[in-house]
Protein chains: 4
Amino acid sequence: MVRRPIIKPRKVASQERSRATVEALIEATARILVRDGFERASTNRIAELAGVSVGSLYQYFPGKESLVAAVIERHQQEIMQTVRDELAGVLDMPVEQAVRKLVAIAVKAHRVDPKLHRVLAEQIPRVGKLEKVASFNSENYALFRTYLESHRDELAVDDLELASFVCVTSIEALTHNAVLHHSRMLSDEAMEALTEEGARLVIRYLKG
Amino acid sequence: MVRRPIIKPRKVASQERSRATVEALIEATARILVRDGFERASTNRIAELAGVSVGSLYQYFPGKESLVAAVIERHQQEIMQTVRDELAGVLDMPVEQAVRKLVAIAVKAHRVDPKLHRVLAEQIPRVGKLEKVASFNSENYALFRTYLESHRDELAVDDLELASFVCVTSIEALTHNAVLHHSRMLSDEAMEALTEEGARLVIRYLKG
Amino acid sequence: MVRRPIIKPRKVASQERSRATVEALIEATARILVRDGFERASTNRIAELAGVSVGSLYQYFPGKESLVAAVIERHQQEIMQTVRDELAGVLDMPVEQAVRKLVAIAVKAHRVDPKLHRVLAEQIPRVGKLEKVASFNSENYALFRTYLESHRDELAVDDLELASFVCVTSIEALTHNAVLHHSRMLSDEAMEALTEEGARLVIRYLKG
Amino acid sequence: MVRRPIIKPRKVASQERSRATVEALIEATARILVRDGFERASTNRIAELAGVSVGSLYQYFPGKESLVAAVIERHQQEIMQTVRDELAGVLDMPVEQAVRKLVAIAVKAHRVDPKLHRVLAEQIPRVGKLEKVASFNSENYALFRTYLESHRDELAVDDLELASFVCVTSIEALTHNAVLHHSRMLSDEAMEALTEEGARLVIRYLKG
DNA sequence: GATGAATGAGCGTTCATTCAT
DNA sequence: GATGAATGAACGCTCATTCAT
């Protein structure tokens with residue numbers, strides 16, 4: 001059995017407190033973005049909801065933009081975690097099966113905190129520090145590219161770079177539109193139909 | 001019989017003045033959106049750039065949102081005019097040729113004032129009056145759907161509604177990403193390659 | 001039978017038109033004051049409701065204040081007409097009867113367009129041209145004073161000037177408060193009780 | 001037992017700062033009302049005169065109306081303090097003496113910052129939050145009523161409620177008009193005459 | 001005279017950010 | 001470090017008034 005230290009070193013305690021404050025601020029920002037929208041999300045309100053003074057907010061974040069950037073960062077990490085979790089085994093699947101799986105993953109990824117996702121997609125001005133908020137980050141391209149490379153012989157496409165761009169962009173757009181703009185479509189069967197159709201698009205493209 | 005005056009009624013003069021003011025305001029809004037971004041586009045600045053007083057601005061537009069909405073409206077009209085101009089004859093083309101043409105049109109459409117297009121896509125908060133602003137309006141679905149219907153026998157898809165959604169969304173996303181986010185790609189040959197690849201995606205999907 | 005002129009002189013016609021415009025503007029001002037309150041009563045809105053251009057408004061009235069002043073003037077004329085109409089014979093009445101009649105008149109006067117009366121009393125800033133808006137104009141003092149003088153022997157007061165001030169002020173205040181602030185009191189019997197009590201106040205004062 | 005620190009808690013300092021700011025704002029509002037009138041009293045001007053930023057103003061007051069309401073509140077408190085200070089012993093006085101005292105009190109009350117009193121009476125639109133602002137608050141009715149009840153047998157009036165209304169309204173109106181509109185009357189002797197006459201009005205009414 | 005488009009000072013208000021405590 | 005009162009530039013918007021037509 002591991003011996004537990006009776007007292008924790010002070011530094012750690014304060015570090016933990018810092019982390020907790022930072023967490024609280026990011027969480028508060030996310031909640032306010034969802035509740036009030038970007039334009040009404042003020043630093044004072046965020047600090048208040050986080051149970052922290054505005055002064056402290058500025059101790060940890062240089063400004064509003066950073067706060068929002070951190071929310072985006074965290075959201076993308078969560079999405080990528082979901083993606084990575086689901087990705088196991090895909091590399092070994094044949095194209096048809098793999099693509100179906102990938103589309104399903106994309107849908108699932110869009111359903112991680114969809115309200116926040118929507119605000120981030122629709123209300124955040126892609127300007128300054130926030131410019132980097134790509135719809136689907138570059139890791140996806142890399143992952144998909146890797147798959148294509150290891151299945152190159154089954155494919156009817158020449159330029160894998162281009163093909164990755166085409167596939168990832170299409171899947172992302174279909175999923176995004178479906179989830180955000182056609183929420184009525186979200187009956188399970190409609191969603192399945194769409195998933196299937198998206199997969200068909202990509203499969204036919206890749207296999208010629 | 002009453003003799004009709006040869007000259008036009010007087011009122012036209014002042015109507016023209018109004019029209020000019022409205023035009024100037026919309027144009028100024030567009031220019032400021034491009035130059036300064038949405039967040040820095042204030043009614044006072046817009047009025048100033050339009051060479052008009054704020055008061056006049058509010059005589060014609062109930063607020064900033066309306067102004068931006070008018071800019072979007074105008075931009076979409078211009079795009080749709082481009083699309084309609086190019087569309088002649090497409091209905092009678094075979095699928096391969098038609099799709100190539102359509103993708104080319106989409107690219108061309110995205111090159112109508114691409115800086116403005118980018119701001120509209122990236123910085124306009126989809127909130128309030130601006131909520132219903134679609135990147136690609138529904139007319140496109142309708143046009144594409146019409147094509148699919150009249151070529152139904154050549155196609156390997158069942159649900160034309162769904163197929164329209166899939167195709168239009170994909171083409172739009174590819175074009176959008178290509179034109180806006182990968183400006184390096186904009187060498188003519190790269191663009192041609194992309195156009196070709198987008199067309200291939202859709203053609204293979206439709207023809208099975 | 002009086003011979004009617006076949007055509008009216010042009011001057012009269014235009015004078016009538018002017019009068020009609022002025023009337024319309026005053027009426028519109030009164031209606032807007034009642035409907036929207038003083039602060040929201042703008043010259044543009046007044047002109048619009050009057051069916052006249054703002055320009056014309058300024059042809060007849062030098063500014064907003066004048067318009068409001070005209071409304072007050074008109075309202076006071078109407079009140080004084082009511083007062084004068086009812087006043088016949090009061091001069092010859094004995095004090096008790098006369099005072100009762102006068103209080104009744106005051107109540108009646110407060111019921112000429114009570115909504116307008118209320119706005120004028122509560123929302124018009126007594127400043128500039130509008131300063132002269134006395135609650136009850138000086139004609140009342142004069143009329144009452146005249147009565148007191150011609151009944152001097154029946155009275156137990158020395159200074160008739162002072163007595164007029166005391167009586168007119170009291171009656172006016174009682175009536176005003178009753179009509180404006182205690183509108184629930186306006187059941188006929190409550191109002192009668194108040195009238196009677198006001199009369200009693202003044203009668204006892206005057207008769208000692 | 002925990003030893004109590006001799007010095008006061010630290011927070012008092014900042015609380016005092018807040019209090020000072022609030023005080024300064026109310027005082028500045030009062031001064032601007034007197035100096036410039038209600039219509040020219042803008043939040044920016046008030047803040048400036050208070051030596052405080054507009055932001056601070058809005059930290060403590062939700063808007064201009066609240067500021068004015070606070071001024072009215074404070075003014076009424078001062079008046080009521082004056083009234084209460086003078087009221088000692090009145091309850092035990094006989095009617096004649098009591099009424100004379102009460103009228104004198106009313107006059108004195110109207111001389112607490114009469115310029116401010118005038119602005120509040122003449123320029124404040126009785127609208128919104130300011131609607132319920134009475135010139136003379138209901139405490140006066142209560143106080144007077146209490147006196148009447150404890151001297152009921154000396155009185156020639158039936159309905160004490162009604163009598164209170166009649167007396168308080170009359171005294172208030174006489175005092176108000178005398179102090180505010182007939183400033184010439186303010187020679188000491190004229191004022192005394194008026195006080196006496198007001199007292200006479202009420203005494204005769206109450207004693208029959 | 002009549003029109004109504006145009007004006008622009010000025011209003012009430014918000015909010016990212018600072019800094020004395 | 002933490003606090004929160006204070007800041008003030010800047011915003012969206014109104015409206016009495018003017019003046020070219």
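Residue numbering restarts at 1 for every chain, and letters A, B, ... go by the order of the sequence lines. Quantities reported herein were computed from a predicted structural model and do not represent experimental measurements.
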Tell me, which of [range] have any heavy atom that sits under 4.0 Å from an atom in DNA chain E?
range	answer
residues 21-40 of chain C	none
residues 47-55 of chain D	Val54(D), Gly55(D)
residues 56-71 of chain A	Tyr58(A), Gly63(A), Lys64(A)

Worksheet item: Would you find a donor on one side and an acceptor on the other, under 3.5 Å apart, between the side chain of Arg40(D) and the backbone of Arg45(D)?
Response: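 Pair absent, no side-chain N/O of Arg40(D) close to backbone of Arg45(D).
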Next item on the list: Might you point out which heavy atoms bring Asp113(B) and His75(B) nearest each other, and give the distance in Å?
Entry: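 Smallest heavy-atom distance, with atoms named: O-CE1, 4.0 Å.
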Do you know the tightest heavy-atom contact between Gln123(C) and Arg126(D)?
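Of all heavy-atom pairs spanning Gln123(C) and Arg126(D), the closest is CG-N, 4.5 Å.
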Euclidean distance, atom [atom1] of residue [X] to atom [atom2] of [N] [Å, nearest integer]:
X	N	atom1	atom2	answer
Lys129(A)	dA16(E)	NZ	P	13 Å
Ile46(A)	dT14(E)	CD1	P	17 Å
Arg45(C)	dA16(F)	CZ	P	8 Å

### Query
Sequence neighbours excluded, which residues qualify as side-chain contact (heavy atoms from CB on, under 4.5 Å) partners of Ala121(A)?
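Scan of Ala121(A) (side-chain contact (heavy atoms from CB on, under 4.5 Å), adjacent residues dropped) gives His176(A), Leu180(A).
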Listed partners of Glu122(D) passing side-chain hydrogen bond (donor to acceptor under 3.5 Å, both in side chains), at least two apart: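 Result, side-chain hydrogen bond (donor to acceptor under 3.5 Å, both in side chains) vs Glu122(D): Arg118(D).
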- request: List for me each residue that meets side-chain hydrogen bond (donor to acceptor under 3.5 Å, both in side chains) alongside Glu78(D), sequence neighbours excluded, and say none if there are none.
  value: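 Residues passing side-chain hydrogen bond (donor to acceptor under 3.5 Å, both in side chains) with Glu78(D): none at all.
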Notebook entry, point to check: For residues 59-70 of chain D, which residue pairs qualify under side-chain hydrogen bond (donor to acceptor under 3.5 Å, both in side chains), counting only residues two or more places apart or in two chains?
Noted result: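 side-chain hydrogen bond (donor to acceptor under 3.5 Å, both in side chains) check on residues 59-70 of chain D returns Ser18(D)-Tyr60(D), Ser66(D)-Lys129(D).
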Using atom types as modelled, flag every donor-acceptor pair under 3.5 Å from a side chain in residues 22-39 of chain A to any protein atom, sequence neighbours excluded.
unit_1, atom_1, unit_2, atom_2, d
Glu27(A), OE1, Arg74(A), NH1, 3.1
Glu27(A), OE1, Arg74(A), NH2, 2.9
Thr29(A), OG1, Leu25(A), O, 2.7

Do Leu67(D) and Val71(D) have side-chain heavy atoms sitting under 4.5 Å apart?
->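 Leu67(D) does not reach Val71(D) side chain to side chain.
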Atom pairs and distances, donor-acceptor, side-chain atoms in residues 46-58 of chain C, under 3.5 Å, two or more places apart:
unit_1, atom_1, unit_2, atom_2, d
Ser53(C), OG, Ser56(C), N, 3.3
Ser53(C), OG, Ser56(C), OG, 3.3

Check your understanding: Which stems does DNA chain F form, counting runs of 3 or more consecutive Watson-Crick or G-U wobble pairs with both distances under 3.5 Å?
Key ->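 The stems are E:2-21 with F:2-21.
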**Asked** When all nucleic acid strands are considered with a 4.0 Å heavy-atom cut-off, which category describes Thr43(A): base, sugar-phosphate, or nothing?
**Response**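 Here Thr43(A) touches the bases of the nucleic acid.
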Side-chain donor/acceptor of Asn44(B) to base of dA10(F), under 3.5 Å |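 It does not, because no donor-acceptor pair links the side chain of Asn44(B) to the base of dA10(F) below 3.5 Å.
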When rounded to the nearest 0.5 angstrom, what is the spacing between CD1 in Ile72(D) and CD in Gln77(D)?
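Those atoms lie 12.5 Å apart.
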